[in-house]
*Asks:* 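Sharing a structure here in C-alpha cells format.
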Amino acid sequence: MTAAAIGPAAACTRTLYVAENGLVITGRSMDWAEDMHTNLWAFPRGIARNGAGGAKTPTWTSKYGSVIASGYDVGSADGMNEAGLVTNLLYLAESDYGQPDGRPVLSISLWAQYVLDNFGTVAEAVDALSKDSFQVVAPTLPNGKGAQLHLAISDSSGDSAIFEYLGGKLVVHHGKQYNVMTNSPSFDQQLALNAYWQGIGGLTFLPGTNRAADRFARASFLINAIPTKVDKSYITAVPSQKFEYQAAASVLSVMRSVSVPLGITTPGQPNISSTLWRTISDQTNKIYFFDSATSPNSFWVPLADLDLKEGAPVKKLTIAGGNVYSGNAADKFVTTPSFTFLPSTGL
C-alpha cells in the first residue's frame with residue numbers, strides 16, 4: 001500500500017516460502033476498501049530519483065531494475081527487483097514516524113522503491129536502513145487520511161526483515177523465521193498471538209475471522225504446511241510438470257485462503273477490507289505473478305523478458321479499469337512516462 005493508498009481502510013497479508021531445494025517465493029494480498037487503480041510498472045536501472053521530501057531529501061540512482069505494483073499511481077506498494085529482492089508495504093494502524101527532527105525526509109510513497117532501487121539482499125537493506133539516516137514522512141492524503149504502513153522485505157536466499165516505526169522509533173525484526181506479516185497489532189504482538197494458536201495445534205482449530213491477527217495465525221500455519229518438494233498427487237496437472245510452478249500455485253492457494261471476499265469491509269476497522277489482488281514473487285526464477293480478485297485473470301511477468309538495462313524506457317502494464325491478461329504478459333507493457341511519487345507534503 002502506498003501513501004496515497006491509505007484511505008478508507010487497508011489490510012494485507014504477506015507470507016514467505018522456502019522449498020527444500022532452496023526455491024524462494026513471497027506471496028502477498030492487497031486488501032482495500034475501494035478500487036485503488038493499481039497498475040504494474042517496469043523501472044529500468046539507472047533512474048535518478050529523489051525522496052520527494054523537500055530540500056534535503058535523499059537522492060540516488062537505481063542500481064537495480066524492478067517491476068512494481070502501484071497504488072493510485074502515486075507510489076510503489078509491492079515489487080521485486082532484478083536481484084530477487086521483494087518489498088511489500090502493509091497497513092499498520094500503530095505506525096508513528098515521529099516529529100520532524102532535522103534529518104533528510106523520504107516520502108513514504110518511495111520507501112519500498114528506495115529499497116528495490118538500492119539493495120540486492122535483506123542484509124544490505126537492514127544494514128543501511130538501521131542507520132536511520134533519514135526520516136520517513138507519511139503525508140496527509142487528498143481524502144484527509146494519514147499513511148500508516150510497515151514494510152516487509154525478503155530476498156532470494158529466504159532472508160526476511162520487517163520494518164516498523166513505533167513511537168517515532170524504527171524497529172527492525174531481521175531473520176528467516178519472520179515469514180508471515182499482516183497488520184495490527186505491532187509485529188512483536190503478532191508473534192505472541194501466533195504462539196498461542198500454535199499451542200492449540202494444527203488444523204484442530206484455527207481462527208476464522210478476517211481480523212489481522214486471525215489471518216496471521218492461518219497464514220503462518222498454512223505456509224508451513226504446504227509441500228516443500230514435488231507433490232506426486234498434483235504435479236501431473238502443473239504446466240510442464242515443473243516444481244516451481246507447483247510451489248507458486250501452493251503459495252497462491254495460501255494467499256487466496258487468507259483473502260477477504262470481495263465486498264466485505266468492516267466500517268471503522270482499518271485492518272479489515274476486501275482483497276483486491278495478490279502477488280506471488282518467485283525470487284529464484286525472478287517471475288512476478290499477479291492475481292486479480294476483481295477481474296477474472298492471473299498472469300505472470302518474467303523479469304528476464306523485460307528490458308531493465310540502464311537507458312531503457314519506463315513501461316506500464318495497465319490493470320486499472322478491469323483490463324484482463326493471461327499467461328506471460330511481459331510483452332504487453334507499454335512505454336509510458338513514470339508516475340510522480342506523492343511528496344511528503346501531500347498533494
Side-chain angles (χ1 to χ4, degrees), residues 1-6 10 12 14 26 28 30 36 38 41 43 47 49-54 56-60 62-64 66-81 85-98 100-101 103-120 122 124-141 145-155 160-166 168-174 181 183 186-187 279 281 338-346:
M1 290 154 288
T2 67
I6 303 308
C12 308
R14 174 264 200 181
T26 294
R28 74 85 50 86
M30 170 59 80
M36 60 190 299
T38 293
W41 291 82
F43 290 136
I47 294 178
R49 297 195 197 275
N50 68 74
K56 296 196 299 180
T57 195
T59 60
W60 67 93
S62 59
K63 299 176 183 177
Y64 301 96
S66 59
V67 59
I68 67 98
S70 69
Y72 296 97
D73 274 354
V74 298
S76 299
D78 188 85
M80 177 168 60
N81 71 14
L85 185 73
V86 166
T87 59
N88 315 110
L89 279 175
L90 280 70
Y91 184 83
L92 180 65
E94 292 80 3
S95 295
D96 175 4
Y97 306 98
D101 57 15
R103 285 179 296 159
V105 167
L106 179 85
S107 173
I108 201 168
S109 66
L110 280 134
W111 194 16
Q113 193 63 52
Y114 178 84
V115 174
L116 291 173
D117 285 350
N118 287 291
F119 308 112
V122 168
E124 291 172 1
V126 168
D127 181 63
L129 296 182
S130 294
K131 293 180 173 63
D132 216 11
S133 58
F134 55 75
Q135 183 170 24
V136 172
V137 170
T140 300
L141 307 174
K145 303 293 184 180
Q148 295 165 289
L149 306 168
H150 53 170
L151 174 67
I153 67 174
S154 56
D155 64 25
S160 175
I162 311 297
F163 299 86
E164 298 178 335
Y165 283 91
L166 303 171
K169 303 295 183 181
L170 176 63
V171 177
V172 182
H173 302 268
H174 179 201
M181 187 172 85
N183 314 108
S186 58
F187 191 67
T279 61
S281 299
S338 174
F339 61 81
T340 300
F341 285 86
L342 184 72
S344 61
T345 53

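As the structure is a prediction and not an experimental result, all values here were calculated from the model. Position 1 is the first residue of the sequence; numbering continues from there. Atom set for the values below is all heavy atoms of this structure, side chains included, hydrogens, waters and symmetry mates excluded.
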*Asks:* Honestly, is Arg49 close enough over Phe43, meaning NZ or CZ under 6.0 Å from the six-membered ring centre and within 45° of the axis?
*Replies:* yes

*Asks:* Is it true that a side-chain atom of Ser70 and a backbone atom of Thr38 form a donor plus acceptor pair closer than 3.5 Å?
*Replies:* no

*Asks:* If I compare all heavy atoms of Ala52 with all of Thr57, which pair ends up nearest, and what's the gap?
*Replies:* N-OG1, 3.5 Å

*Asks:* Less than 4.5 Å apart, any side-chain heavy atom of Val172 and any of Val126?
*Replies:* yes

*Asks:* Ignoring hydrogens, what is the shortest heavy-atom contact between Trp60 and Asp117? Give both atom names and the distance.
*Replies:* NE1-OD2, 2.9 Å

*Asks:* Quick one, Arg28 and Leu90 - any side-chain contact, counting heavy atoms below 4.5 Å?
*Replies:* yes

*Asks:* Using the salt bridge (Lys or Arg N to Asp or Glu O under 4.0 Å) criterion, which residues pair with Asp132? Sequence neighbours excluded.
*Replies:* Arg103

*Asks:* Keeping Asp155 on the side-chain end and Gly120 on the backbone end, is there a donor-acceptor pair under 3.5 Å?
*Replies:*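 The answer is no, because no donor-acceptor pair under 3.5 Å joins these two groups.
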
*Asks:* Return the CG to CG distance between Asp78 and Leu89, rounded to the nearest 0.5 Å.
*Replies:* 8.5 Å

*Asks:* Can you list everything that forms a ring-ring contact (aromatic ring centres under 6.0 Å, His included) with Tyr64? Sequence neighbours excluded, please.
*Replies:*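 With sequence neighbours excluded, Tyr64 shows a ring-ring contact (aromatic ring centres under 6.0 Å, His included) to no residue whatsoever.
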
*Asks:* Below 30° counts as parallel, above 60° as perpendicular, anything between as tilted: where do the rings of Phe339 and Trp41 land?
*Replies:*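 Taking Trp41 first and then Phe339, their aromatic rings stand perpendicular (interplane angle over 60°).
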
*Asks:* Rounded to the nearest 0.5 Å, what separates atom CE in Met181 from atom CG in Asn88?
*Replies:* 7.0 Å

*Asks:* Got a sec, which residues hit ring-ring contact (aromatic ring centres under 6.0 Å, His included) with His174, two or more places apart in sequence or on another chain?
*Replies:* none

*Asks:* Between Ile68 and Ser76, what is the shortest heavy-atom contact and its length?
*Replies:* CD1-OG, 3.6 Å

*Asks:* What pair of heavy atoms forms the shortest contact from Ser133 to Pro104, and how long is it?
*Replies:* O-CD, 3.5 Å

*Asks:* Does the side chain of Phe119 come within less than 4.5 Å of Asn81's, by heavy atoms?
*Replies:*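 Side chain of Asn81 against side chain of Phe119, heavy atoms only: no contact under 4.5 Å found.
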
*Asks:* Indicate whether the side chain of Ser160 and that of Arg14 have a donor and an acceptor atom separated by less than 3.5 Å.
*Replies:*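 Short answer, yes.
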
*Asks:* Has Thr26 got a side-chain atom pairing as donor or acceptor with Ser281's backbone, closer than 3.5 angstrom?
*Replies:*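 Absent.
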
*Asks:* Which heavy atom of Ser95 sits nearest a heavy atom of His150, and at what distance?
*Replies:* OG-N, 4.4 Å

*Asks:* Could you walk me through whether Val137 and Tyr97 pass the side-chain contact (heavy atoms from CB on, under 4.5 Å) test, one step at a time?
*Replies:* CA-CA 7 Å; Val137 170; Tyr97 306 98; over 6 Å; no

*Asks:* Quick one: CD on Glu164 to CG on Leu151, what's the gap to the nearest 0.5 Å?
*Replies:*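 That separation rounds to 10.0 Å.
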
*Asks:* So, do Pro139 and Ile108 sit near enough that their side-chain heavy atoms are less than 4.5 Å apart?
*Replies:* yes

*Asks:* Regarding Gln113 and Ser62, is there a side-chain donor-to-acceptor distance under 3.5 Å anywhere?
*Replies:*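 Ser62 and Gln113 do not have a side-chain donor-acceptor pair below 3.5 Å.
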
*Asks:* Locate the shortest heavy-atom distance separating Ala77 from Met30; write the atom from each residue and the value.
*Replies:* CB-CE, 4.0 Å

*Asks:* Measure from the side-chain N and O atoms of Ser107 to the backbone N and O of Leu342, and report whether any donor-acceptor pair falls under 3.5 Å.
*Replies:*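 Yes; judged by distance alone, with no hydrogens or angles, the pair exists.
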
*Asks:* Over 60° means perpendicular and under 30° means parallel, so tell me whether Trp111 and Tyr165 are parallel, tilted or perpendicular.
*Replies:* tilted

*Asks:* Would you mind reporting whether Leu129 and Val115 have side-chain heavy atoms less than 4.5 Å apart?
*Replies:* yes

*Asks:* With under 30° as parallel and over 60° as perpendicular, where do the rings of Tyr114 and Phe134 fit, or are they tilted in between?
*Replies:* perpendicular

